[in-house]
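Worksheet: one structure, shown below.
Remember, it's 1-based here, ligands and their atoms both numbered in the order they're listed.
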Amino acid sequence: MNSKPSVIVAIDGTAASGKGTLAKRLAAHFKYAYLDSGSLYRAIGVAVLRKGGQPTTEADAVAAAKTLDISQFSPEDLRTEAAGVAASQVAAIPAVRAAILQYQRDFAHHPSGGQAGAVLDGRDIGTVVCPDAQAKIFVSASLDVRVQRRIRELRGKGELVIEARVRADLEARDVRDSSRAVAPMKPAEDAWQFDTSALNADEVFDLAKKFVADRIAKTAV
Ligand code: DC
């Protein structure tokens, strides 16, 4: 295990803002571990649905969170729009968030592959999970742009897509994720608020890479 403190990069932002793609590329570039915290909430939501439960019912969601085995879910299981909605519902339950908080912190502070740092993406990484992160970015994009990005992603996977439905789901998720009582989606005070509406994925990556490199250099001991 690494004895130096892990460098932590927190990438938060709205649904379909491109934060996952960005976080993955940053992790690969800096050779850091990567955790998509949304996939944990998605797996909990899908586990509830598989058992015939309700993602909005606390007992169902907490039971799934406490017995979570992420290996039971393929990326295809987790990346559907239905999984995203169920994730947003279980994520509003404080006991669900509490059940997976320590796992995320351990991942960030002690990357299991011995990497010198970790990139985590989600909604509350910079505010709650890792308020001590050296670099925090809050990624956003206009609703129109996010709808088009999500449609491309879903069509690419062969899902049948209805634009109005995607728009309504994203809007409902924005409201639920930012208005919940515990760990609502919001930029940390020391986060760089990065609107990517007018940028392509390479431009987003280049700007973010410079920001993170600069933050790492400034916080190096
Ligand atoms: O990033 P995503 O779309 O995969 O996340 C799915 C849902 O999980 C999102 O709508 C809210 C929830 N979530 C959360 O509440 N906190 C996180 N750190 C990550 C995701």
Side-chain angles (χ1 to χ4, degrees), residues 8-24 26-27 34-49 55-56 58 61-62 64-65 68 70 73-108 118-131 133 136-141 143 145-147 149-154 157 159 165-188 191 194 196:
I8 300 172
V9 180
I11 312 288
D12 291 301
T14 49
S17 60
K19 66 185 182 325
T21 305
L22 172 61
K24 236 176 274 164
L26 288 173
Y34 168 59
L35 179 66
D36 166 10
S37 68
S39 70
L40 303 176
Y41 292 97
R42 285 171 180 264
I44 295 167
V46 172
V48 172
L49 295 174
T56 48
E58 174 156 358
V62 173
L68 180 65
I70 195 82
F73 307 89
S74 69
E76 292 72 35
D77 295 335
L78 300 182
R79 293 309 309 174
T80 66
E81 208 44 32
V85 173
S88 173
Q89 290 171 332
V90 299
I93 299 170
V96 168
R97 308 195 72 82
I100 58 171
L101 181 59
Q102 197 55 44
Y103 172 81
Q104 295 172 82
R105 286 191 176 149
D106 288 346
F107 185 101
V119 180
L120 285 79
D121 80 62
R123 301 291 186 292
D124 63 338
I125 306 299
T127 50
V128 174
V129 177
C130 300
K136 300 181 185 179
I137 306 178
F138 190 91
V139 186
S140 64
L143 182 63
V145 166
R146 291 187 291 131
V147 167
R149 287 180 184 166
R150 181 49 54 89
I151 286 174
R152 266 202 307 278
E153 181 193 344
L154 294 171
K157 287 185 310 201
E159 267 198 62
R165 175 85 190 275
V166 171
R167 179 177 293 271
D169 279 354
L170 283 180
E171 277 184 308
R173 264 212 287 152
D174 284 352
V175 171
R176 203 183 301 112
D177 293 345
S178 55
S179 64
R180 66 182 173 228
V182 173
M185 168 178 72
K186 65 172 181 198
F194 187 16
T196 65

For atom 13 (N) of ligand 1, what is the closest protein heavy atom, and at what distance to 0.1 Å? Tyr41 CD1, 3.7 Å
Checking a contact table here: which protein heavy atom is nearest atom 7 (C) of ligand 1, and how many Å away? Ala87 CB, 3.6 Å
Hey, is ligand 1 close enough to Asp124 that some N/O pair sits below 3.5 Å? yes
Walk me through it: do Arg149 and Thr21 pass the test side-chain hydrogen bond (donor to acceptor under 3.5 Å, both in side chains)? CA-CA 12 Å; Arg149 287 180 184 166; Thr21 305; over 6 Å; no
Around atom 6 (C) of ligand 1, find the nearest protein heavy atom and jot down its residue, atom name and distance. Arg173 NH1, 3.5 Å
among protein heavy atoms, the one nearest atom 19 (C) of ligand 1 is Ser37 OG, 3.3 Å
Below 3.5 Å, can you tabulate the donor-acceptor pairs from side chains in residues 84-95 to any protein atom, sequence neighbours excluded?
{"unit_1": "Ser88", "atom_1": "OG", "unit_2": "Arg176", "atom_2": "NH1", "d": "2.6"}
{"unit_1": "Ser88", "atom_1": "OG", "unit_2": "Asp177", "atom_2": "OD1", "d": "2.9"}

If the cut-off is 4.0 Å to any non-hydrogen atom of Arg79, which atoms of ligand 1 fall inside it? 4 (O)
Can you list the ligand 1 atoms lying under 4.0 Å from a non-hydrogen atom of Lys19? 1 (O)
Tell me the protein heavy atom at minimum distance from atom 12 (C) of ligand 1, and give that distance in Å. Ala91 CB, 3.6 Å
Gly122 neighbourhood, listing ligand 1 atoms whose heavy-atom distance to it stays under 4.0 Å: 17 (C), 18 (N), 19 (C)
Quick one: do Asp124 and Arg180 make a salt bridge, cutoff under 4.0 Å? no
Shortest non-hydrogen contact between Phe107 and Ala118, atoms and distance: O-CB, 4.1 Å
Closest to atom 15 (O) of ligand 1 by heavy-atom distance, out of Arg123, Arg180, Met185, is Arg180
Thinking salt bridges, do Arg79 and Glu153 make one under a 4.0 Å N-O criterion? yes
Go through Ser74 and Asp77 one step at a time and tell me if the side-chain hydrogen bond (donor to acceptor under 3.5 Å, both in side chains) criterion holds. CA-CA 5 Å; Ser74 69; Asp77 295 335; 3.3 Å; yes
Compare every heavy atom of Val129 with every heavy atom of Gln104, then report the nearest pair and how far apart it is. CB-CG1, 3.6 Å
With atoms numbered from 1 as shown, which atoms in ligand 1 lie under 4.0 angstrom from a non-hydrogen atom of Ser88? 7 (C), 10 (O)
Among all protein heavy atoms in this structure, tell me which lies nearest to atom 16 (N) of ligand 1, with the distance rounded to 0.1 Å. Arg97 NH2, 3.0 Å
Proximal candidate to atom 10 (O) of ligand 1 [heavy atom criterion; set Asp177, Thr127, Asp12, Leu170]: Asp177
List for me each residue that meets side chain to side chain contact (heavy atoms under 4.5 Å, CB included) alongside Thr80, sequence neighbours excluded, and say none if there are none. Ala82, Ala83, Glu159
Check Leu143 against Arg167 and note the closest heavy-atom contact, atom names and distance. CD2-NH1, 3.7 Å
Among all protein heavy atoms, pick out the one at the shortest distance from atom 4 (O) of ligand 1; state its residue, atom name and that distance to 0.1 Å. Arg42 NE, 2.6 Å
